[in-house]
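Below: one structure, written as structure tokens.
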Amino acid sequence: MPRIRESTLQEHRAKTLDQIIAAAEAILRTGGRGQLTMAEVARRTNLARNSLYRYARDTDQLCDMVMERHLPDWGQALDRALGRTDDPSRKIEVWTRTNLEQAGLHGHGWLMNLYAEQHDEQLRQTLIYGSPSNPQEPVPRSDRSTDRQAQALLHFHRQVNQPLIQAWTALRPADPAMGVEVTRGIVQSGMRLIDALDQQLAPGQRQERLTLIIEKVAACAKAVTATLTEGPTCA
């Protein structure tokens, strides 16, 4: 059993859990879901395998824990930023910038791919491409942690996509789809550029390049908004 250095057992467990989640995240970021094993997490955290199982029953639950560390903060940051304006055009600009900022902070591709191996094709497409799902769709009941977290990820995509849909519906009530899809495509391209940033860059260099990507992509989204709100909408 690891030596307890913290003042209480509760503090020790919290610190150990944080180390476990950090180790799992490091593996997922660099090697993907296929490289995550209980043995590797135990090795990186200097835990005996049976001690690790006291915190997580399997790698699926480790993925859940990693996801829970990132998605709520992303969603809350977006809600706060969008709450500062009622103007639809401004909301699109804020939506673009905030999602790119959060992608730079948390990462995007590796996080969205945590459940990309799910056998449900509709779920897989939603997770990878961020397609808005039907808000009236019933949430399946399940006791499995991963099933619940996959639904949490679907909820996250609804939380992210609905403000964009609402903004474009206000601007182009007869044809919001073009604005939604073009804006989302621009932002996803920006996220891919962010994901591709060299991880070996010095923090200052990375931040400089990240800021440039965000500024340029936000400018593109703003130009698209201006273009698509001028003249007649598509039939």
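This chain uses plain numbering: 1 for the first residue, then up along the sequence. None of these values were measured; they are calculated from a predicted model.
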* To do: May I have the step-by-step check of salt bridge (Lys or Arg N to Asp or Glu O under 4.0 Å) for Arg57 and Asp64, ending in yes or no?
  => CA-CA 11 Å; Arg57 66 173 179 273; Asp64 296 344; 5.3 Å; no
* Asked: Where is the tightest heavy-atom contact between Thr96 and Ala218, given as atom of each residue plus distance?
  -> CG2-CA, 3.9 Å
* **Inter-residue atom distance Thr225.OG1 - Glu93.CD, 0.5 Å rounding** => 8.0 Å
* To do: Return the minimal non-hydrogen interatomic distance between Leu171 and Pro88, and the atom names on each side.
  => CG-CB, 3.7 Å
* Structure fact -> Minimal heavy-atom distance between Ile194 and Gly104, with the atoms involved, is CG2-CA, 3.8 Å
* Should we count CZ of Arg69 as having more than 12 external heavy atoms under 6.0 Å? -> yes
* **Spatial distance of atom CE (Met67) from atom CD (Glu25) [nearest 0.5 Å]** => 13.0 Å
* Structure fact -> Thr98 and Ala81 have their tightest heavy-atom pair at OG1-CB, 3.4 Å
* **Val187 versus Val217, closest heavy-atom pair with distance** => CA-CG1, 4.4 Å
* Test item: Lys91 side-chain N/O and Thr85 main-chain N/O as donor-acceptor pair under 3.5 Å -> yes
* **Results of side chain to side chain contact (heavy atoms under 4.5 Å, CB included) for Ala77 - residues two or more places apart only** => Arg80, Gln102
* Structure fact -> CZ of Arg54 to CZ of Arg49, rounded to nearest 0.5 Å, is 14.5 Å
* Asked: Side chains of Gln159 and Asp79: donor-acceptor distance under 3.5 Å anywhere?
  -> yes
* **Euclidean distance, Trp110 CH2 relative to His70 NE2, rounded to 0.5 Å** => 4.0 Å
* Side-chain donor-acceptor pair present, Thr211, Glu215, cut-off under 3.5 Å -> no
* Structure fact -> Nearest heavy-atom approach of Val66 to Ile21 is CG2-O, 3.9 Å
* same_hphob_cluster(Leu201, Leu210) at 4.5 Å side-chain heavy-atom cutoff -> no
* **Over 12 foreign heavy atoms within 6.0 Å of CG, Asp86** => no
* Asked: For the atom pair CG (Leu62) and OH (Tyr55), what is the distance rounded to the nearest 0.5 Å?
  -> 13.0 Å
* Asked: Counting only N and O atoms by type, is there a donor-acceptor contact under 3.5 Å from the side chain of Trp95 to the main-chain atoms of Val160?
  -> yes
* To do: Drop me the distance from Thr229's OG1 to Ile92's CD1, to the nearest 0.5 angstrom.
  => 8.0 Å
* Determine yes or no for a side-chain-to-main-chain donor-acceptor pair under 3.5 angstrom, with Thr30 supplying the side chain and Ala26 the backbone. => yes
* Asked: With a 4.0 Å cut-off, would you call Arg192 and Asp195 a salt bridge?
  -> no
* Under the side chain to side chain contact (heavy atoms under 4.5 Å, CB included) rule, what do Asp60 and Arg33 come out as? Steps first, then yes or no, please. => CA-CA 9 Å; Asp60 284 341; Arg33 181 68 178 79; 2.6 Å; yes
* Asked: Is there a path from Trp74 to Leu105 through hydrophobic residues (I, L, V, M, F, W, Y) whose side chains come within less than 4.5 Å of each other?
  -> no
* Structure fact -> Residues passing the side chain to side chain contact (heavy atoms under 4.5 Å, CB included) test with Ile27, sequence neighbours excluded, are Gln35, Leu36, Glu40, Val41, Arg44
* Could you go step by step and tell me if Asp175 and Arg172 meet the salt bridge (Lys or Arg N to Asp or Glu O under 4.0 Å) rule? -> CA-CA 5 Å; Asp175 179 28; Arg172 293 166 58 96; 2.7 Å; yes
